Every structure is written in structure tokens, then in C-alpha cells.
Amino acid sequence: MSKKVCGYLCKGCGIGDALDLGGLKKAAGEQGVKEFKEHDVLCSPEGVAMIQADVDAGTNALLIAACSSRAKTDEFSFGNQVLVERVSLREQVVWCSAEAEDDDRQMLGEDYMRMGGVKLTKSEPPAPFQLEGEVAKAVLVVGGGISGLNAAIAAAEAGSQVYLVEKEAELGGFLRTINKLGPQTAPYRELEDNPLPALLEKVSGHANIKTFTGATVDKTEGAPGNFTISLSNGESLRAGAIIQATGWTPYDPEKLAGDLAYGSSPNIVTNVQFEQKAKEGGLGGINSIAFIQCAGSRDANHLPYCSAFCCLVSCKQAMYVKQANPEASVYVIYKDVRTPSQSEEVYREAQRQGVIFIRRDEAYPTITGSDKLSLETMDVLLNEKVSLEELDMVVLATGMKPNNPKVVEAPLVAFGEDQEAAKKLVEEAKAQTEDWSVLNLQYRQGPNLPTLKYAMPDSHFICFPYETRRTGIYTSGTVRRPMRLTQAQDDGVGAAMKAIQAIRAAEAGCAVHPRSGDESFPEFAMQRCTQCKRCTEECPFGAINEDEKANPLPNPTRCRRCGVCMGACPERIISFKNYSVDIVGSQIKAIEVPEEDEEKPRVVVLACENDALPAIDMAARLGKSWSAFVRFIPVRCLGSVNLVWIADALSSGIDGLILMGCRRGDDYQCHFIKGSELANVRMSKISETLQRLVLESDRIKVAEVGITDHDKVAGIINEFMETIDSVGPNPYKGF
Amino acid sequence: MDYNQTFAKEVYEKVDSGDEIKVCMQCGVCGATCPLRGEMKYGPRQIWSLIRAGRRDEVLNNPDIMLCTSCYTCQVRCPRGVPIMEVMHGLAHYALAQGIVPRAETAKFGKAFWEGIYDTGRVDEAVVPIKYCLQDGLVAGLKKSLGMMDIGLALMKAKRMKPKMFIPPNIFIPGVHKIKGVKQLQRMLDKAAAIDAAKEA
């Protein structure tokens, strides 16, 4: 494509007053942006019309020097085939440099113009990836319980072909064992009928849903838009996206034999067994009963988490007893009643019907007796030990375990130089990983969805529910986190929508979240590949398979475009059309480094676009200011930072670098899960290299900046500038 | 102690608004908000808890149930909408009806207050203290009233209590003491008491 470049300078928001526009144009001119237009308010309809007229006349590469790339996005978008590079003169130069000297501010502006110019001249408009052959548009739903059924119905009603696979001979999952539902609709007074028959009717009657019962998934190959699934019954299916709704298993009550005397009397039952009794109509003759909440839940020795449904179920089951015998004494012994949202009404209704709630402490109640049971517990609200006598039954409200194999990944330090230690860590992780599978993925990184804790498939759950770390595969219902029936029901619908979205994205050749709509994708210059496997091992989404010679086999529809592979590659053979090792490297080199005796240090901040950059923008907007010796370069993810950039920067005389990214660790906030973790590991390894170059490791800092940390940005930068002052100027200046 | 539902059922059925305490979730806002909490041993939340546990004697003999000054703060703030103040008075009333006097002075004052209303149709700053003090007999009553002299003088200074109020109530002077139609009021109150008695029986 031949590029016709033009620059646009906005004079609004104080830019025109603070900066010498002639100098800015000249700086951009050095990087190939010769032609410039100015406007008083570039984002005004007149300003936009001026740009649009040029675009219509054939200009296809625009350097827009105005506000942050996060502002005025609608105004400055001119279609996929027009490259737009934004230079943030407002947030990153004018607003944040209140205390700077005029010439320092001018130099800052000019550096950004050079950086923008070089990026624009080196970028190409992306051409979306197209799968070979027809894109598979069917949705595969694995699991025919409440969530799976709802997912199937929602996808089918949206027009998709749905394949519903159920392991058991009949659809329905756990719902088949349920007697009645608790109150679901206002005013939340009445128990309701099991919705399964109506759901089954809907599924069996739907032309778009094809059901396979008594079948499991033997093998899943391919990528979003092109999955091939082999079932245990010999069928082979093609699907564009997959929903795993495999539900839950009750916690094994045998493990409560010690704590809660399970098994010592037939009258000590679990909530699941009690439901069965209720379904069989066996609740007659109960005059006195106690429910024990958190039986093996929120307990480090059993399930450490809250299962979210047991409080509600105990309220419902207490109502069963009260309805059969209004005079019965019904006790619920709890640590905390957790009935959020409308469930609170159910709790209240149980109270209205006369159910007594007794709050206990961490210790389990002591249960004795065989036919008639006695129970002793600490009543926190009376602050004394109390006992319940002559109980006909004790119900243990046990929690749920997800029907998903636990996957433990070796810590990232395992990819270091110490091969022995690495091997050991990998072996340890392997030993904790369960060796069964639901989907049997034919992925280089293993057959299962990665989990973080408790075997629940994990992704960035705050921003992206339903997501797993395998693009195009969504989890729904109790397999992804403990939840109650209504939530599992809604979850199915949400997952179905995400699945359809993933198929559409595969069709269009663009990314799903968080870079929704991004048409760029990593391209591999394979002739230079050394088969080091770093990209295939480090991709957070398992997007890259391997052939037998360890060559990477990318699957662009699995890719989320974070660039972690690009950051990993020691040969620098992985690039995007508009984001590459060369582009960012050239941006760093475009920064003018003053001579040492001028005492103007230069610091580069590689800032994550998802969290750090908005925080920086917000800090600037709130009037915070910081050193004008700092230059920000946005990166897709800290994981995409290639070590060669650090080397380039230091060898061209830059005095220090800050990597600003998201929180890492178990409660990570990284949009690409492992990106900031990887960056941190890589930076810890670089300090040895620095020492070899006789450079101080203090020159590099990894800082965690969340999207709400705008108040910390200035502090981090100023503190780092003090460090740079104390270690002195980079000795490589002027080389 | 054993949990026993007999007393809870008695409260739900027989105490005014007693069944409303079923929905209490033991958050404790009532106690935290009560201006008299410092004087109370338990506070409303714990009293409800004792009722659920079946501690009849502990609840009905508890002075706390007679300490409520009807400020309504707890009732306004209760997230479950329990009419706490009404239940507290209900419990006090129920205790007295059972022949239990959880807090003698409050009971005497209440009696004086009520009789004053019954006799005159209004609350009179002179009538109520006279009736209150004289319940213990003349000598003890005089002693008690002398003990409260400074309050009386302060009230007089603030013109909340006027000397002419001390004309004994059975001497009729227009404009003082009795409302018009006090007989009709008494008939209404008698009727209400009869309905209440019928309900409790």
C-alpha cells in the first residue's frame, strides 16, 4: 500500500499556547511527516470535516497531534484502512508539565511528535486473518443441566445451530434431583415447581438443537470458528465455539464423619439427600430438625470457599418441613447467612414461617445420639453454649465442587536458566494437576482449561465473566464458580451470547475482548525461528501449537492480540502490522537524548494500555504533574515488552525505564492474565545483563498501576527520577 | 441451656406485634441506636434472641423491657421493619398482665401517667408527680417528692409547671385540669380495655 501521510495539529485545550507548533512540525518532519494542517479545535465538526476531506482525497495515514488516544475516539476514526496515530500533546505534554521549564516542555512535545511519526511511517493497516474454508457457526454445549439447557435455548433462539452433549442418558443434570424451587418471583412467598419439564420440552422441540445423550467429548481440535469435536459415540461435529456447562458434584459427606458425625446415624443427612427424601415425600413426622450451614464449606480443611447456594437451599428445605408440619421446631445453625439480592426475601420468608436461625462460631456443633439427636453449639448471639434436644433429623448443608479437572501451572520462574530447578517446579505442578478431561483439547499447553484455584476455570473474572483462558471456549454455571440456580440459568444465556460473539469475531478475523475488533494478529517470520518454544509455552491463551520439530503453529482465531509471544521471542520474528519490536524500538530511538552536561535525564515509561495509560491520562486531567524528562510509550501488555527494547534504550543513552502494568499474582488484574507476571520475571533476569554492562539494576523498575491508581502515577515517576539522580547519568550517552 | 419454642410461640401469639420479631436478623442496629442502651443489660436484639431460645423468666423479669422511652429511633432504623418500640411496650404490658413487675418505679410512673390521663383527659405536670409520689403512702410520698424538688423548681422556672396546677384535681376550675367531655373519653378507654381483655383471654 502506498502511504499518503498528513499530520494534524490541534491548538485547543491549551496546546497552542504552551508549545511552539513550528518546532513540533519540524520534529515530526524528521520522521517522515512533512505535511501538516492546524486547527483551533480539531475535534470540532469543522476540524473533523477537514481531515475527512483529505481522507476522501486519498490521505491514508494520519498523525493526529491533539489529545490522548483514549479521548475523542469516535471523532478520529476514519475506517480500518486509514492508519491513525495519536500524539497525546494534551495529557502527556501540556497538562502534566505545570512545573516544567518551557524548553523542557517543548522538547517533550517534539519527542512525542518524532515517536508518533516513526510509528506511523513503520505501521501498515492490518489485514484481518481469514480461516481457510467455511467458518463453523454451530455452538457446542457440553452439559445438559440448567445452565447448559439455557445456553442451548438462548443460542438456538438467536439462530445458531446447537449441539448439546450430555454424559447421562437423560438431560437435566442436577435439576432432576430437585423437588421444588425456592420462591423465585415477587413477593417471594411460595415454593415453585421444578422448571425442568418445560425446559426439556423447549429443547426437544427446537429445530436448531441437536442433542447427544450418553456421550462425552473424546477430542477437541482446532480453534474458534473451526473446532472439530469427536464424541464418544463416534459422532464428529464441527463447531465455532464451545460452552462447558458441566456443573457440580456435592462435597463428599464421608469427609465430615469426624467433624459432624456423618454416618453415625441415619438421621444425619446432607442437603442433597434431604432433597431426595422431600422428592419421595418422606418428610412426615418431623417435629424438630436442625440444618447446619457451612458443613465443610469456608473451612480450610474442607472446601475453603462459600458455595453460595446452601443458605438458600436450607431456607427452602426448612420451608418444606414447616409446610408439612407448621408446629415443627426448625433451626438453622449458621456462620453467616449469605442470601444476596432477592434471596434475602426467601430468608425473610423462612423466618416468617417461624424458622429459628442460630449463629454459631467457627467450631462445628457437636452431634450425639442415634435415633433422636442432640446438638450442642456456641450461640454467638446469646454468647453461651446452647443445646438442641430431641431432634428428629440433622441436615448438613454441604457445598459444591466444580466438575472440572484441576490444572496447576508451574510458576513462571520455571522458564529460567536453571534447568534443574525448572524441571522440579514443572514436575510438582504436574503432580497436582488432575489427569482427566472434559474437552480433551488438542492444545500444546494441555487438554484442559487452566484453573487458578479450586479447579474452577479462570480468566479475568471481573471484566470478562464466562471467559476462560482458551478463546472461544466459555464456561457457564456452577463449573465456573459456585452459584445458585437462577444465576446458573442466566449464566447460560450470557455464555451463549459470548459464544456467538466469538464465532462472529472469527468470521470477521478480529479479536474478542479485551481488544475487541482488533484486526491485527501476530505474524511469524518462520525462516528465522530457532524452535526455542518460548512463544508456545508463554502464550496465556494456548493459541500456538507446535509441530513435531517444535516449530510454532499459530492459531490466530485463538489469539487475543496481547503480544506476549512478541515479548517472548528472542529472535524477534513475531510482529503485528501496527505493533512490532521494530516499531517500538524505533520509537525509543527517536527520543533525542541531550548531552550529559545538560543535566537533562531521559526516562522511558512503557505503560500498559489497559490500566496504566488510563490512570496516567486521569492523573493529567486531574492536574497532577511530573517530570518533563519522562516519555510514555503505550504497550498492549507488559508481557509484550521485548528485552531488546530495554537494551536499545540503555544503549542510546536513556537513563532509566519504568514498566507500568497491572497487578500480578493470584489476584491479578492483567487483562492477559500472565502479561505483567511475565514482564516481572523477565526484568528480574535482565539485572544480570545490566551488571555485565556496568549499569545499575536500579535503572529499571516494574510498577503496578491499577486503573484507579491515578493518584500514584506522579509519585512513582518522581521517586524514580530521584533514583536516577542518585545513580547518575547513563554512561552510554553519546556513544 | 436448651432451646425451646414454647415461649417464642407465646410471644408471637399474645404480645402486641410479637410475631413481627420473627424476621429479626440480629444485626443489632436497634441496640446500637438506642439512647438508653447504656442503661440496658441486653437491648432489643438480645431480647429477641432470648425469646427465640425460650428464656421466659429472663425476658419477662428483665427491666430492659420497661426502659423504652418511645423515641422510635430503633424502629425507624430497623432494616427488617420490626416495630421494635411496640414490641418492647407489648412485652412490658404482657409482663404486668402476668403479675410480673420488671421495673417497679417505671410501673408506678406508668400507672400515674395513665390514671392522670384517665381522670383528666390530659397529661398534667402536677397531677402525674402527685399520683406517682403518693402511691407509696403519704410519708414516703412526701419524702420522694422532696427528693425531686430541684427538678420541680427547674420546671417552674421554665414555666413548665405552674403553682395553680397544684389545686387538687377534684376541685373544678374552668380551664384547669380536665378536658371537656372527659366522661366520653373514659367510656372510650373502658371499651378499649374490654376489647383488649377479651383478646388476651
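What you see below is based on every heavy atom in this structure, not just the backbone, and it leaves out hydrogens, waters and symmetry mates. Each chain gets a letter, A, B and so on, in the order its sequence line appears, and its residues count up from 1. Everything quoted here is computed from the prediction, not taken from an experiment.
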> So which bits of residues 310-348 of chain A come within less than 4.5 Å of chain B, counting non-hydrogen atoms only?
Replying inline: A:Glu327, A:Ser329, A:Tyr331, A:Glu344, A:Tyr347, A:Arg348
> Are there residues of residues 266-292 of chain A that reach to under 4.5 Å of chain B by heavy atoms, and which ones?
Replying inline: none
>> Measuring from atom CZ of B:Arg52 to atom CD of A:Gln351, what distance do you get when rounded to the nearest 0.5 angstrom?
In response: 5.5 Å
> What is the distance from atom CD1 of A:Ile358 to atom OH of B:Tyr3, rounded to the nearest 0.5 Å?
Replying inline: 4.0 Å
> Does B:Arg55 reach the side chain of A:Leu382, with side-chain heavy atoms less than 4.5 Å apart?
Replying inline: yes
>> Among residues at least two apart in sequence or on other chains, which ones pass side chain to side chain donor-acceptor pair (under 3.5 Å) with B:Arg187?
In response: none
> So which of B:Gly28, B:Cys24, B:Ala53 has the biggest tally of heavy-atom pairs under 4.5 Å with chain A?
Replying inline: B:Cys24
>> I'd like to know which of B:Arg45, B:Glu20, B:Arg80, B:Lys9 tops the heavy-atom pair count under 4.5 Å against chain A.
In response: B:Arg80
>> Which atoms of B:Tyr42 are under 4.5 Å from chain A, going by heavy atoms: the side chain, the backbone, both sets, or neither?
In response: neither
> With a 4.5 angstrom heavy-atom cut-off, which part of B:Asn4 approaches chain A: side chain, backbone, both or neither?
Replying inline: backbone
> Given a strict heavy-atom distance threshold of 4.5 Å, which part of A:Leu381 is in contact with chain B: side chain, backbone, both, or neither?
Replying inline: both
> With only heavy atoms counted, which part of A:Asn383 is less than 4.5 Å from chain B, the side chain, the backbone, both or neither?
Replying inline: neither
Taking [atom1] in [X] as the centre, count heavy atoms belonging to other residues, nucleotides or ligands within less than 6.0 Å. Is the count above 12?
X	atom1	value
A:Tyr305	OH	yes
A:Tyr454	OH	yes
A:Lys372	NZ	yes
A:Lys401	NZ	no

> A:Glu389: what forms a side chain to side chain contact (heavy atoms under 4.5 Å, CB included) with it, not counting sequence neighbours?
Replying inline: A:Ser374, A:Ser387, B:Asp2
